[in-house]
Amino acid sequence: DDVNFTEIEEDLKYTFKRRTLVNHLSNLINYGFIGESEMIDTYGKSMKVYTFPYNTDSIYKLIPIETLRYWVDTANPSVVSIYVYLLNKWEWKGSEYIFTEAELIKNCLGVTSIGHSRDYARVNDVLTCLVNNELIEYKNDYFKKDGVTITRKKLLKVSTIYKGKRGDKK
């Protein structure tokens, strides 16, 4: 299955090789990180849209094309998985959602045994990437349990708008 990129190509502000774009988007679709569907625009014209699925039986989230381009250009499956997970939690729970790194390791990275420092570093790197690109905001909440300080993260905001800066072309 090849993805139809006619509308995307017409709207490109940056130079991409068609095959690279097709391959990256096709991979994201094949892994289930984004979905492909159609919607009717305000002029009654059918247009193709790409979505981050939460539950394929009940809801999809529409994202702007610039954010999709950012993911295609820069993201690996861990970044996409954690972003989609947090976006969906934000949609369902809003600022009441509190999460841990262990939760993200288990639910987003597919790691069954939690405890490897590399997994925690990977999650923190992804969170830093998402914060730096203004796609999420969170704060650390600390509390003591049995004399041990436990850190949880409270989600403050999740955006579908990529606000990062691209390098100037010369």
Side-chain angles (χ1 to χ4, degrees), residues 8 13-14 24-39 47-167:
I8 293 174
K13 295 178 186 173
Y14 309 99
H24 285 293
L25 272 176
S26 295
N27 284 337
L28 290 171
I29 291 168
N30 290 338
Y31 285 118
F33 291 122
I34 62 172
E36 184 179 22
S37 60
E38 289 189 20
M39 66 180 283
M47 60 186 280
K48 200 166 275 195
V49 295
Y50 299 93
T51 60
F52 286 134
Y54 173 67
N55 176 344
T56 56
D57 295 330
S58 66
I59 190 169
Y60 285 89
K61 181 68 180 163
L62 298 177
I63 61 164
I65 190 71
E66 282 297 320
T67 304
L68 182 60
R69 283 190 194 124
Y70 168 73
W71 289 125
V72 169
D73 291 346
T74 65
N76 64 43
S78 298
V79 175
V80 174
S81 181
I82 289 173
Y83 172 72
V84 169
Y85 184 83
L86 293 175
L87 176 63
N88 287 314
K89 292 295 185 178
W90 177 256
E91 290 290 317
W92 290 97
K93 297 186 178 191
S95 62
E96 299 299 312
Y97 179 61
I98 295 173
F99 64 98
T100 64
E101 294 156 338
E103 175 186 349
L104 296 179
I105 291 168
K106 179 181 175 191
N107 294 317
C108 301
L109 303 183
V111 177
T112 54
S113 62
I114 297 170
H116 299 287
S117 62
R118 179 66 194 120
D119 294 329
Y120 285 90
R122 192 162 125 203
V123 164
N124 280 304
D125 288 346
V126 169
L127 292 173
T128 299
C129 170
L130 295 172
V131 167
N132 288 345
N133 287 292
E134 299 181 33
L135 289 166
I136 68 166
E137 287 181 25
Y138 67 91
K139 71 174 185 171
N140 288 325
D141 283 338
Y142 303 95
F143 67 95
K144 289 223 184 245
K145 182 178 181 181
D146 299 327
V148 176
T149 301
I150 298 181
T151 304
R152 294 190 177 194
K153 298 172 184 319
K154 183 172 184 174
L155 202 54
L156 301 175
K157 178 181 126 183
V158 178
S159 175
T160 58
I161 311 273
Y162 164 69
K163 296 180 183 170
K165 305 270 188 231
R166 291 184 183 259

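Between Lys106 atom NZ and Asp119 atom CG the span is 14.0 Å, to the nearest 0.5 Å. How far OG1 of Thr128 is from CG of Asn133: 11.0 Å, rounded to the nearest 0.5 Å. The distance from the CG atom of Leu135 to the CD1 atom of Ile82 is 13.0 Å, given to the nearest 0.5 Å. Summarising the geometry, atom OH belonging to Tyr138 is positioned 10.5 Å from atom CG belonging to Leu156; distances are rounded to the nearest 0.5 Å. Lys139 contributes atom NZ, which lies 10.0 Å from atom OG of Ser95 (distance to the nearest 0.5 angstrom). With rounding to the nearest 0.5 Å, the separation of CG in Leu87 from CD1 in Ile136 is 11.0 Å.
In this structure, Leu86 and Val158 approach most closely via the heavy-atom pair O-CG2, 3.8 Å. Closest heavy-atom contact between Ser159 and Glu134: CB-O, 3.7 Å. What you find for Tyr83 and Thr160 is that their closest heavy atoms are OH-CA, 3.3 Å. The two atoms that bring Trp90 and Leu155 nearest to each other are CZ3-O, 3.8 Å, heavy atoms only. Closest non-hydrogen pair, Ser81 versus Cys108, comes out as OG-O, 2.9 Å. Closest non-hydrogen pair, Ala102 versus Tyr120, comes out as CB-OH, 3.7 Å.
Residues Phe99 and Asn107 are not in side-chain contact: their nearest non-hydrogen atoms beyond the backbone lie 4.5 Å or more apart. At a threshold of 4.5 Å between non-hydrogen side-chain atoms, the residues Leu104 and Leu127 count as touching.
Among residues two or more places apart in sequence or in another chain, the side-chain hydrogen bond (donor to acceptor under 3.5 Å, both in side chains) test is passed with Thr149 by Lys144.
Comment: Lys153 engages Glu101 in a salt bridge, judged by a side-chain N to carboxylate O separation of less than 4.0 angstrom.
In Lys93, the NZ atom is not crowded: 12 or fewer heavy atoms of neighbouring residues, nucleotides or ligands sit closer than 6.0 Å.
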